[in-house]
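Report on the following structure.
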Amino acid sequence: MAAALLSSRRAVAAAVACVLALALGAAAQLSPTFYDGSCPNLQSIVRSAMAAAVQQEPRMGASILRLFFHDCFVQGCDASVLLDDSPTLTGEKNAAPNANSLRGYEVIDSIKSQVEAACPGTVSCADILALAARDGVNLLSGPTWAVPLGRRDTRTASQASANSNLPSPSSSAATLVSAFASKGLDSRDLVALSGAHTVGSARCSSFRSRVYNDTNINSGFAAKRRQICAAQSGGTDGNLAPLDALSPVRFDNGYFRNVVGQFGLLHSDQELFGAGGPVDGITTQYARNGAAFARDFITAMIKMGNISPLTGSSGEIRANCRKPN
Ligand code: HEM
Ligand SMILES: *[C@@H]1O[C@H](CO)[C@@H](O)[C@H](O)[C@H]1NC(C)=O
């Protein structure tokens, strides 16, 4: 009797939540089994292509993960970032945060052509990117998880949104918190997702002002980075340094240990510790507890992957990730 009452209350609560979600315009649910019937080999195709790419160049796991972030933060996870400029479309690849920086497009093209050969016209570029990002993390010894699927591809892109929605490395903690909040991501998601900077590299132009002008930086570390990054912009702009010098191609919690020690490479990285506010405690927690970071990173990646997907009959399944059909 009590159990029946409880379960009927639960049913009412679920129905109310559902109506609320519809009223708020929440997207249809993505599901990890979306392609199980229509493209059963999808996940193994993506996995082996990513394994080959990461074996050839470990940094590629990082580059593909960043590509997914830059997709999801601009119009949602709709593969807008993959569209090339054309006479009729201005893509996002030449937006300031992406130009001469974002990479891995050829890897996605190659996976897409293998997936098209197996399951023509079935799997979106947006879903391929979501799976490839997950595999990139796992292939660099990070965690793995089931990726919700069923996104479709946009026919449009927005260079202006790429410029305004993607946070800059000069951002303050408050700016980062609000940029993520505007995408439905809280401070815990912000800190966990920033842990992606446990792999990959940044250009001198992204860390120049940090290593010359910030005071909350280990002085020996700053001096070492200045050796490859001249104070004035010019020939050294493209020189690379690892975001996590402790373990540049290992997806672990080293990033947080760096940040707590004032070894953050980007100004925005160091903002996650020492500026005060709720992010400090989360950064400390992840620096001490790699399992807590891995758990929260998975949660946050699934949340980020749920930003405004196109589903149902919206958008399209692109034949070529670089252009609308
Ligand atoms: C919190 C705000 C963030 C800022 C301000 C930021 C900024 C940057 C910058 C400036 C770079 C170096 C780019 C270059 O110099 O070419 C970079 C690299 C990278 N970012 Fe972020 N990022 C942020 C969040 C994220 C998130 C949420 C992810 C993924 C979940 C991510 C993944 C990466 C990866 C993996 C790299 C290295 C890419 C490579 O080596 O090719 N970042 N980020
Ligand atoms: C450091 O700060 C000064 C004063 O704001 C500025 O003129 C200079 O360009 C900065 N240097 C770098 C490398 O960002």
Side-chain angles (χ1 to χ4, degrees), residues 53-54 57-74 77 81 95-105 107 129-130 132-134 136-137 140 142 165-183 185 187-215 217 222 225-226 229-234 236-244 248-251 255 259 264-272 279 283 293 296-305 307:
V54 170
E57 186 203 13
R59 184 187 174 198
M60 193 53 75
S63 301
I64 299 289
L65 174 58
R66 182 169 188 236
L67 206 45
F68 181 57
F69 164 50
H70 285 214
D71 182 28
C72 292
F73 262 55
V74 182
C77 313
V81 73
N98 295 339
N100 302 314
S101 179
L102 215 50
R103 57 202 295 281
Y105 302 116
V107 172
L129 184 52
R134 183 272 315 267
V137 168
L140 297 176
N165 293 8
L166 292 164
S168 122
S170 62
S171 305
S172 66
T175 298
L176 294 172
V177 168
S178 76
F180 277 63
S182 73
K183 301 292 172 187
L185 300 170
S187 297
R188 186 161 282 274
D189 300 321
L190 161 65
V191 179
L193 288 168
S194 297
H197 290 175
T198 180
V199 290
S201 300
R203 294 164 303 156
C204 155
S205 51
S206 300
F207 60 78
R208 172 178 285 122
S209 68
R210 164 120 179 100
V211 300
Y212 282 94
N213 273 346
D214 281 5
T215 51
I217 187 169
R225 291 290 171 263
R226 288 195 296 262
C229 186
Q232 304 304 322
S233 67
T236 63
D237 287 4
N239 287 356
L240 295 174
L243 284 157
D244 169 11
V249 295
R250 190 174 173 84
F251 197 99
Y255 167 81
V259 170
L265 182 62
L266 305 179
H267 176 84
S268 51
D269 291 329
Q270 198 58 55
E271 281 290 304
L272 300 181
V279 299
T283 298
F293 163 53
D296 290 355
F297 182 77
I298 292 171
T299 301
M301 282 290 284
I302 292 172
K303 269 173 94 169
M304 185 171 83
I307 301 174

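Order of appearance sets the numbers: ligands from 1, and atoms from 1 within every ligand.
Both the backbone and the side chain of S63 come within 4.0 Å of ligand 1, judged by heavy-atom distances. By the criterion of a heavy-atom distance under 4.0 Å, both the backbone and the side chain of S209 are placed next to ligand 2. No part of F68 comes within 4.0 Å of ligand 1, judged by heavy-atom distances.
Of all atoms in ligand 1, numbered sequentially from 1 with element shown, those under 4.0 Å from a heavy atom of S268 are 5 (C). For ligand 2, the atoms lying closer than 4.0 Å to a non-hydrogen atom of A231 are 13 (C). Distances below 4.0 Å separate heavy atoms of R208 from the following atoms of ligand 2: 13 (C).
Partners of R188 under the salt bridge (charged side-chain N to carboxylate O under 4.0 Å, His left out) rule, at least two apart in sequence or in another chain, are D296. Take S171 and apply the side-chain hydrogen bond (donor to acceptor under 3.5 Å, both in side chains) test, not counting sequence neighbours, and it matches no residue. Qualifying side-chain hydrogen bond (donor to acceptor under 3.5 Å, both in side chains) partners for T175, counting only residues two or more places apart in sequence or in other chains: S172.
Taking a 4.0 Å cut-off on heavy atoms, S171 fails to register as neighbouring ligand 1. Within the 4.0 Å heavy-atom shell around ligand 1 one finds F180.
Every N/O-N/O distance between N100 and ligand 1 stays at or above 3.5 Å. Where the criterion is an N or O separation shorter than 3.5 Å, residue side chain and backbone included, Y212 fails it with respect to ligand 2.
For atom 39 (C) of ligand 1, the nearest protein heavy atom (residue, atom name, distance) is R59 NE, 3.4 Å.
With ring centers used as reference points, F293 lies 6.0 Å or more from Y255.
Distances shorter than 2.8 Å separate atom 21 (Fe) of ligand 1 from the protein N/O/S atoms H197 NE2.
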